[in-house]
Novice: 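Take a look at the following structure, please.
These numbers come from a predicted model, not from an experiment.
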Amino acid sequence: VAASVVNNANEALASANAAQASASAALAVAGAPVWSAATNYASGSAVVYLPNGGTYRCLVAGVDATAPPLNPAKWRQQGFVNEFAHFQVQLPTDHLGGATTAITFTSRSLNFTLANTIANCTLASNTISLPAGSYDLDAVAPAFACGNTRLGLYNVTDGVWLVEGHNCNTTSGPGVILTSSGRVILNGTKQIQLRQWTSVTHQFGLGVPMSIAGRPEIYSAIKIQRVG
């Protein structure tokens, strides 16, 4: 038993050390300089390649004018540095989320930026402009007494759905929270909207206010994490 306890303790210590090393490595990469074709890099050096926002670790020391994404023998991609966006709709206290219309899609409102460190990503008129790349998308929105309903992320530029959430029926039950999430790859800048399909017209269909004094009404929201 004692030996088992010692082994478990050693494993826990090793895991903690590994986590600390991983965190230290992430911090080092986060402070990496922008890649230059003329720089003589040492093996292990980290750089940021601005055209795609990726970070890369040098595998072979020396000067090489070939861009890191095109030179896997010299550079290993580490990921993207703090490229994250979080948008919501925030309305004054007591404001409704909005009405639904039977047998149609309604664009959910988005008007507030909590965070946005994705280069060239913007929010305007309930529409997100997102540059080329790979992203994890995670959207949520309330629904109330609007029949059969589903939440999805729509690529307005190309007229296609990027992600569609699960089916949900709100006819005989209380309000629900709809979700829609997934990984997408964009080959160029796209205009994206959060849309909800409903089968019933209802004044409160897009959300009921909380009416907390001095606090905004928060309804739809989307988080975007760049992964490639």
Side-chain angles (χ1 to χ4, degrees), residues 22 26 29-30 48-56 69 77-91 97-98 100-101 104-144 146-170 175-199 205-207 216-228:
S22 178
V29 171
V48 176
Y49 184 64
L50 286 183
N52 71 0
T55 58
Y56 296 81
Q77 188 169 5
Q78 302 293 298
F80 289 79
V81 180
N82 298 327
E83 294 210 42
F84 172 80
H86 188 183
F87 304 114
Q88 288 181 337
V89 60
Q90 294 193 9
L91 301 176
T100 58
T101 302
T104 191
F105 283 99
T106 301
S107 293
R108 299 292 312 226
S109 297
L110 293 167
N111 66 358
F112 191 82
T113 301
L114 288 170
N116 184 11
T117 57
I118 301 175
N120 300 315
C121 173
T122 59
L123 171 65
S125 302
N126 306 321
T127 303
I128 300 167
S129 180
L130 200 57
S134 298
Y135 301 91
D136 283 341
L137 308 178
D138 186 10
V140 296
F144 178 80
C146 55
N148 297 324
T149 185
R150 176 190 288 178
L151 188 69
L153 289 157
Y154 187 70
N155 176 348
V156 180
T157 304
D158 298 329
V160 297
W161 288 99
L162 294 175
V163 179
E164 293 185 82
H166 58 279
N167 295 348
C168 187
N169 183 282
T170 63
V176 299
I177 297 296
L178 301 175
T179 62
S180 184
S181 61
R183 179 166 294 185
V184 301
I185 300 175
L186 305 180
N187 59 9
T189 299
K190 307 297 180 183
Q191 307 301 307
I192 298 170
Q193 291 181 347
L194 184 60
R195 295 186 178 184
Q196 182 180 337
W197 189 89
T198 53
S199 65
L206 299 184
E217 305 294 348
I218 301 173
Y219 295 104
S220 50
I222 178 172
K223 295 179 181 179
I224 305 172
Q225 178 68 59
R226 185 165 185 170
V227 295

Novice: Under the side-chain contact (heavy atoms from CB on, under 4.5 Å) criterion, do I128 and L153 qualify, and how do the steps go?
Specialist: CA-CA 10 Å; I128 300 167; L153 289 157; 6.0 Å; no
Novice: Measure from the side-chain N and O atoms of T170 to the backbone N and O of G147, and report whether any donor-acceptor pair falls under 3.5 Å.
Specialist: yes
Novice: CZ/F87 to CG/N111 distance, rounded to the nearest 0.5 angstrom?
Specialist: 11.5 Å
Novice: Could you tell me whether N120 atom CG has more than 12 heavy atoms of other residues or ligands within 6.0 Å of it?
Specialist: no
Novice: Flag the pair V160 / K190 as yes when at least one side-chain heavy-atom distance between them is below 4.5 Å, and no otherwise.
Specialist: no
Novice: To the nearest 0.5 Å, what is the distance between CG on D136 and NZ on K223?
Specialist: 12.5 Å
Novice: OH of Y135 to CG of L162: how many Å apart, nearest 0.5 Å?
Specialist: 11.5 Å
Novice: Show your working on side-chain hydrogen bond (donor to acceptor under 3.5 Å, both in side chains) between T149 and Q196 and close with a plain yes or no.
Specialist: CA-CA 7 Å; T149 185; Q196 182 180 337; 2.9 Å; yes
Novice: Is the side chain of S134 donor-acceptor paired with the backbone N or O of V227 at a distance under 3.5 Å, no angle test?
Specialist: no
Novice: Can you tell me if R108 uses its side chain to pair, donor with acceptor, with the backbone of L206 under 3.5 Å?
Specialist: yes
Novice: Sub-3.5 Å donor-acceptor pair from the side chain of N126 to the main-chain atoms of L110, do we have one?
Specialist: yes
Novice: How many angstroms lie between atom OH of Y154 and atom CD of Q191, to the nearest 0.5 angstrom?
Specialist: 13.0 Å
Novice: Hey, what's the ring geometry for Y49 with Y56, parallel, tilted or perpendicular (30° and 60° as the breaks)?
Specialist: perpendicular
Novice: To the closest 0.5 Å, what do you measure between CG (L194) and CG (L151)?
Specialist: 4.5 Å
Novice: Set out, in order, the CA-CA distance, both residues' side-chain angles and the distance that settles side-chain contact (heavy atoms from CB on, under 4.5 Å) for F144 and T100, then state yes or no.
Specialist: CA-CA 9 Å; F144 178 80; T100 58; over 6 Å; no
Novice: Which atom names give the shortest non-hydrogen contact between A221 and H86, and what distance separates them?
Specialist: CB-NE2, 4.4 Å
Novice: Report yes if some heavy atom in the side chain of I192 is under 4.5 Å from a heavy atom in the side chain of I224; otherwise report no.
Specialist: no
Novice: With distance as the sole criterion, is a donor-acceptor pair present between the side chains of T127 and Q193 under 3.5 Å?
Specialist: yes
Novice: V176 and C168: which non-hydrogen atoms are nearest, and at how many Å?
Specialist: CG2-SG, 3.6 Å
Novice: Begin from the C-alpha positions of I218 and F112 and carry the test side-chain contact (heavy atoms from CB on, under 4.5 Å) through to its verdict.
Specialist: CA-CA 10 Å; I218 301 173; F112 191 82; over 6 Å; no
Novice: Any chance you could measure L130, atom CG, to T189, atom OG1, to the nearest 0.5 Å?
Specialist: 8.0 Å
Novice: So which heavy atom on C146 is nearest to which on G205, and how close?
Specialist: SG-O, 4.0 Å
Novice: Could you check whether any side-chain N or O of S129 sits under 3.5 Å from a backbone N or O of T122, counting only pairs where one atom can act as donor and the other as acceptor?
Specialist: no
Novice: What's the shortest heavy-atom distance between S220 and S109, and which atoms?
Specialist: OG-O, 2.5 Å
Novice: Which atom pair, heavy atoms only, marks the closest approach of P216 to Q90?
Specialist: CG-OE1, 3.7 Å
Novice: Counting heavy atoms not belonging to L114, are there more than 12 under 6.0 Å from its CG?
Specialist: yes
Novice: Considering all heavy atoms of both residues, which atom of N116 and which atom of A85 are nearest to each other, and what is their separation?
Specialist: OD1-CB, 3.7 Å
